[in-house]
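Only one structure is covered here, and it is reproduced in the block below.
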Amino acid sequence: MAERTLHVTLRQNGPIPLEVRFTCGTGDTLAIFGPSGSGKTTVLRSIAGLYRPAETVVRAGGETWSDTAAGVWVPPHRRHVGFVFQDYALFPHLTAAGNVAAALTDRPRGEREARAEACLAQVHLQGKASRRPHELSGGERQRVALARALAREPAVLLLDEPFAAVDRAVRRHLQDEVAAVRRSLDVPAVLVTHDLEDVVRLATHVLLLDGGRVVAHDTVSALMRRPDLPGLVDAAGPGTVFDAVVHRHDHERGVIELAFDGGVIVAAGAAQAGTRVRARVPARDVILATSLPDGLSVQNVLTGVVSTVAAPGEHDAVMVDVAVGGLVLAAEVTRDAVRRLALAPGRQVHALVKAVSIDVSALASTPPRS
Amino acid sequence: MDWQAFRVSLSLGLWTVALLVPVGMWAGHVLATRTFRGKAILEAAVAIPLLLPPTVLGFYLLTVFSPRSTLGALFERAAGASLAFSFPGLVLASVFINLPFVIQPIQRAFEAIPADVRDAAACCGLSPWQRFLRIEVPLAWPGTLTAMILTFAHTLGEFGVVLMVGGNLPGETRTLSIAIYDRMQAFDDHSAGIMAAVLLVVAVATLMTTTALTERLVKRRG
């Protein structure tokens with residue numbers, strides 16, 4: 001397994017500064033997240049060999065694709081990558097099947113058609129094989145691009161803002177499609193995006209990039225709780241991200257019960273029992289209490305133990321981590337609250353979370369492997 | 001109607017197109033996809049035949065074709081005949097003056113292919129040669145077709161350079177446009193009129209074919 005891990009080291013001062021080093025295991029989906037101009041796409045293009053930084057080491061599928069020091073440079077067409085481009089980049093003169101078959105030229109002629117059909121079927125485009133790109137909708141084009149990328153049985157799957165060109169409604173669908181394709185390929189995947197939803201729904205790991213430098217690189221849940229990362233958590237502030245399974249859907253109350261490593265939490269929403277979801281609890285929406293009053297509206301009272309109390313940050317806000325079973329829940333409270341409740345590691349507290357504060361999205365990707 | 005001149009014109013046009021298309025494909029592709037030192041100068045040089053008067057072009061071509069020049073001498077040794085005032089010489093001159101008519105539209109056609117499409121082709125495992133044949137050439141085909149038809153029509157109508165380089169040898173270098181001039185000089189308005197009408201019909205037919213073909217291609221690709 002380890003030899004099929006993707007290893008990337010890129011370094012140069014200009015014209016696009018790069019100082020990047022990471023690995024991505026098989027089955028992992030690494031989201032490269034960052035503002036535009038941070039070098040996200042350049043990293044992806046460097047892996048594919050479409051861009052050649054001053055210093056580069058790329059290893060994938062047990063092969064070395066580039067190693068500046070050793071004088072190795074494999075041209076893009078000899079690297080087994082599945083690349084999904086932002087604007088699809090389909091071949092306009094070829095049919096959907098022709099587009100997919102174009103990625104199969106290293107196979108015997110007789111096999112290509114069947115394999116192309118199979119790949120199109122995998123993205124639910126059977127029956128559209130003879131359509132040309134201009135006869136397909138945006139979402140369908142993207143699925144052809146996906147089928148084309150997986151046709152070669154790539155050693156790495158590279159996705160460049162794969163949902164940027166489609167509207168919200170189609171986006172969900174495509175995310176599921178990508179996740180399904182992702183599951184069928186036991187290879188590392190790298191996803192470039194500036195959309196937090198893509199990260200939460202598809203990624204196992206996040207690499208935060210700014211000005212060509214790695215600001216942070218960790219699992220999705222670890223990064224989401226960090227208050228110090230601009231960009232990633234800007235919209236909603238830091239929070240706790242965890243994976244759970246829908247235990248029960250209570251139609252009457254309009255809530256779902258989520259089973260997680262440490263208990264059950266109630267969230268507003270609707271989902272089928274058994275659905276794997278990723279939930280996010282904003283740290284500022286978590287209330288801590290040492291004793292409980294009666295008649296609470298809040299649905300979730302989780303009892304746990306304070307594990308860490310961070311130093312006060314901006315606006316005197318303090319991040320307090322509470323271990324609830326296997327889950328470490330982050331709560332953002334004032335410095336004053338820390339003093340009044342005598343919050344310190346080892347202290348038993350109740351964490352109160354409103355059901356409507358919990359963002360739940362059906363998990364599209366393979367679960368993070370630890 | 002001078003059918004012999006018609007045949008000379010036709011074969012001159014076809015030879016010119018046949019020789020120029022590979023040259024145009026190659027040069028157009030290089031100019032569209034690569035950056036190199038002196039590219040701007042080369043692009044300007046390609047356009048020279050558009051700007052120079054035919055007499056000036058003819059003068060220089062004749063100088064190069066003369067047996068005293070390297071090219072002229074080489075040709076004479078190989079073929080046993082002079083390049084000047086011969087059909088091969090005429091074809092060579094025609095190829096040269098039509099360079100911009102072929103290279104520029106083909107270059108634009110290659111330039112119009114999005115960079116992502118080229119990159120996608122590379123990521124599909126297609127070698128540079130396969131990318132050229134399977135992706136780029138088909139996509140640049142409408143531009144190439146326009147270039148071919150324009151060149152053919154332009155060659156049929158060329159007068160100045162043909163007269164300078166080829167002279168007016170029946171069956172060898174007398175093209176239809178030279179024949180028209182020849183007939184007018186002889187006050188044979190009737191023959192000149194018929195031949196002029198033939199060229200007019202060919203020009204209109206060419207234009208209509210181009211439009212129809214381009215429209216069909218565009219419709220097919222959306």
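Letters A, B, ... mirror the listed sequences (proteins, then strands); counts begin at 1. What you see below is based on every heavy atom in this structure, not just the backbone, and it leaves out hydrogens, waters and symmetry mates.
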- request: Can you tell which part of B:Ala121 gets under 4.5 Å to a heavy atom of chain A, answering side chain, backbone, both or neither?
  value: both
message: For B:Ala120, is there any backbone N or O sitting under 3.5 Å from a side-chain donor or acceptor partner on A:Arg148?
response: no
- prompt: Are there more than 12 heavy atoms of other residues, nucleotides or ligands under 6.0 Å from atom NE2 of A:His173?
  reply: no
statement: Only residue of B:Leu139, B:Ile113, B:Ile135 satisfying side-chain contact (heavy atoms from CB on, under 4.5 Å) with A:Phe91 is B:Ile135
- prompt: Would a distance-only check, ignoring hydrogens and angles, find a side-chain to backbone donor-acceptor pair under 3.5 Å from A:His77 to B:Gln130?
  reply: no
- prompt: Do A:Phe83 and B:Asp119 come close enough that some side-chain heavy atom pair is under 4.5 Å?
  reply: no
field: Atom CG of B:Leu51 with >12 non-hydrogen neighbours under 6.0 angstrom
entry: yes
message: Nearest 0.5 angstrom please: A:His80 NE2 to B:Cys123 SG, how far?
response: 11.5 Å
- prompt: Which region of A:Arg152, side chain (C-beta onward) or backbone (N, CA, C, O), has a non-hydrogen atom less than 4.5 Å from a non-hydrogen atom of chain B, or is it both or neither?
  reply: side chain
- request: Return the minimal non-hydrogen interatomic distance between A:Ala102 and B:Leu126, and the atom names on each side.
  value: O-CD2, 3.6 Å
- line: So CG of A:Asp106 and SG of B:Cys124: to nearest 0.5 Å the spacing works out to 10.5 Å
message: Within a 6.0 Å radius of atom CZ on B:Phe85, are there more than 12 heavy atoms belonging to other residues, nucleotides or ligands?
response: yes
query: Which atom names give the shortest non-hydrogen contact between A:Thr105 and B:Arg134, and what distance separates them?
result: CG2-NH1, 2.6 Å
